[in-house]
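Okay, structure first, notes after.
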Protein chains: 2
Amino acid sequence: MSITSDLLRGHTDTIILAGLFTGDSYGYEINKAIQQKTNGRYELKEATLYSAFRRLEEAGDISSYWGDETTGARRRYYTITETGRETYTRLMAEWKSAKAMIDSLIELEEKKNG
Amino acid sequence: MSITSDLLRGHTDTIILAGLFTGDSYGYEINKAIQQKTNGRYELKEATLYSAFRRLEEAGDISSYWGDETTGARRRYYTITETGRETYTRLMAEWKSAKAMIDSLIELEEKKNG
DNA sequence: AAATATACCTTGACAGGCGAGGTATATGGT
DNA sequence: ACCATATACCTCGCCTGTCAAGGTATATTT
């Protein structure tokens with residue numbers, strides 16, 4: 001397992017929902033976008049990516065359809081649903097509170113003098 | 001699984017090392033401190049806590065000894081090692097970079113106009 | 001012909017978290 | 001005397017997300 005993977009764990013769904021928020025996309029493209037945004041420091045492994053799609057579709061957060069490519073490899077496009085937008089909002093809020101919580105738990109406390 | 005548990009996953013070791021950084025402590029006390037710091041919003045489950053101790057001791061990040069309580073339940077105290085301090089420093093740095101990375105991946109991008 | 005890029009998918013294993021259960025000592029209430 | 005509660009430790013086995021490894025297919029470049 002790579003260095004950051006344990007810390008990124010649990011954010012996969014949020015990352016995907018964020019990627020779909022402003023428009024439909026497909027797995028390969030979403031992953032390329034992630035690599036670009038992180039300057040190649042992070043990518044979703046394919047198995048992780050596609051199992052996340054399954055999970056999200058089962059939960060009703062996204063829906064999918066086959067693209068009508070006449071050339072090249074076929075693409076399965078994903079759309080974020082209204083439920084998915086709500087999930088995204090909730091996950092964002094949870095992240096903000098988790099972030100503060102983690103910071104307070106792992107930073108060393110100043111010793112209170114006097 | 002509780003709401004935040006997936007987001008906290010992977011931080012257990014760092015939290016424990018932070019708790020031991022300024023002095024020896026034992027499982028029950030460390031967990032109480034976590035509950036206090038988070039105003040009861042978070043706690044390490046016992047199974048999680050003790051399996052983390054095993055992991056950290058095996059890795060050489062902490063060492064342990066039995067307290068000499070003459071009354072009450074026995075306590076196993078843990079000490080952070082020099083290796084553990086280095087691990088803590090590394091995990092903190094990783095957290096800072098992961099935090100920035102996650103933020104950039106899950107926040108919605110402003111549409112660039114013109 | 002072979003390598004590379006695009007694009008999807010499945011299987012099986014691993015690791016961390018955790019529910020459930022167990023052990024033991026001390027205190028306070030009835 | 002009995003019970004609940006708090007303190008304090010431990011183990012077993014399951015669940016879930018991640019991922020290495022493998023597979024399929026089309027199109028382009030060398």
Side-chain angles (χ1 to χ4, degrees), chain A residues 1-17 19 24-36 42-59 61-62 64-78 91 98 102 105, chain B residues 1-17 19 24-36 40 42-59 61-62 64-78 91 98 102:
Chain A
M1 226 186 282
S2 76
I3 313 175
T4 42
S5 76
D6 244 18
L7 302 185
L8 273 299
R9 192 195 176 98
H11 296 284
T12 307
D13 292 4
T14 321
I15 291 168
I16 291 173
L17 291 175
D24 295 3
S25 187
Y26 56 96
Y28 198 84
E29 189 179 52
I30 289 171
N31 213 9
K32 287 289 169 201
I34 290 168
Q35 289 173 44
Q36 278 192 339
Y42 187 61
E43 58 166 347
L44 290 174
K45 299 305 180 308
E46 291 196 356
T48 304
L49 182 67
Y50 291 112
S51 83
F53 282 141
R54 291 287 146 69
R55 194 165 55 239
L56 286 166
E57 190 156 23
E58 224 170 292
D61 288 324
I62 60 175
S64 68
Y65 57 93
W66 285 105
D68 59 352
E69 286 70 43
T70 49
T71 178
R74 64 193 181 155
R75 298 170 179 169
R76 187 194 281 277
Y77 282 87
Y78 293 94
L91 292 176
I102 293 166
L105 286 176
Chain B
M1 223 187 287
S2 77
I3 313 173
T4 42
S5 77
D6 244 19
L7 301 185
L8 273 300
R9 192 196 174 97
H11 296 285
T12 306
D13 292 4
T14 321
I15 291 169
I16 292 173
L17 291 176
D24 294 5
S25 188
Y26 55 97
Y28 198 83
E29 191 180 51
I30 289 172
N31 212 9
K32 286 289 168 201
I34 290 168
Q35 288 173 44
Q36 278 192 340
Y42 187 61
E43 58 167 347
L44 290 174
K45 297 307 179 309
E46 292 197 355
T48 304
L49 183 66
Y50 292 111
S51 82
F53 282 141
R54 291 289 144 69
R55 194 165 56 237
L56 286 165
E57 190 156 22
E58 224 170 294
D61 288 325
I62 60 175
S64 69
Y65 58 93
W66 285 104
D68 59 352
E69 285 71 43
T70 51
T71 180
R74 65 194 178 151
R75 298 170 178 168
R76 187 196 283 276
Y77 284 88
Y78 293 95
L91 292 176
I102 292 165

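This structure is a prediction, so every number in the text was calculated from the model and none was measured. Convention: sequence-line order gives letters A, B, ...; per-chain numbering from 1.
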So, does [X] get its side chain near the phosphate of [N], meaning an N or O under 4.0 Å from OP1 or OP2?
X	N	value
A/Lys45	D/dG17	no
A/Arg54	C/dT10	yes
B/Tyr50	D/dC10	no
A/Arg76	C/dC9	yes

If you only use heavy atoms from C-beta on, which nucleotide in C/dA20, D/dT7, C/dG17 is closest to the side chain of B/Tyr28? D/dT7
From [atom1] of [X] over to [atom2] of [N], roughly how many Å is that when rounded to an integer?
X	N	atom1	atom2	result
B/Leu8	D/dG17	CG	P	16 Å
B/Asp24	D/dA8	CG	C1'	17 Å
B/Asn31	C/dC18	CG	P	11 Å
B/Trp66	C/dT25	CH2	P	13 Å
B/Tyr77	D/dT7	OH	C1'	12 Å
A/Arg55	D/dT18	CZ	C1'	9 Å

Not counting sequence neighbours, which residues clear side chain to side chain donor-acceptor pair (under 3.5 Å) with [X]? List them please.
X	value
B/Glu46	none
B/Tyr65	B/Asp24
B/Asp13	B/Arg55
B/Thr14	none

Which part of the nucleic acid, if any, lies within contact of B/Arg75, taking any heavy atom under 4.0 Å across all strands shown: a base, the sugar-phosphate backbone alone, or nothing? sugar-phosphate
Identify whether any heavy atom of A/Ser51 sits under 4.0 Å from a base atom; if not, whether one sits that close to sugar-phosphate; answer base, sugar-phosphate or nothing. base
side-chain contact (heavy atoms from CB on, under 4.5 Å) filter on A/Arg76, not counting sequence neighbours, yields A/Ser64, A/Trp66, A/Tyr78
Hey, what are the protein-to-nucleotides 22-28 of chain D N/O distances that come in under 3.5 Å?
| from | atom 1 | to | atom 2 | distance (Å) |
| --- | --- | --- | --- | --- |
| D/dA27 | OP1 | A/Gly72 | N | 3.3 |

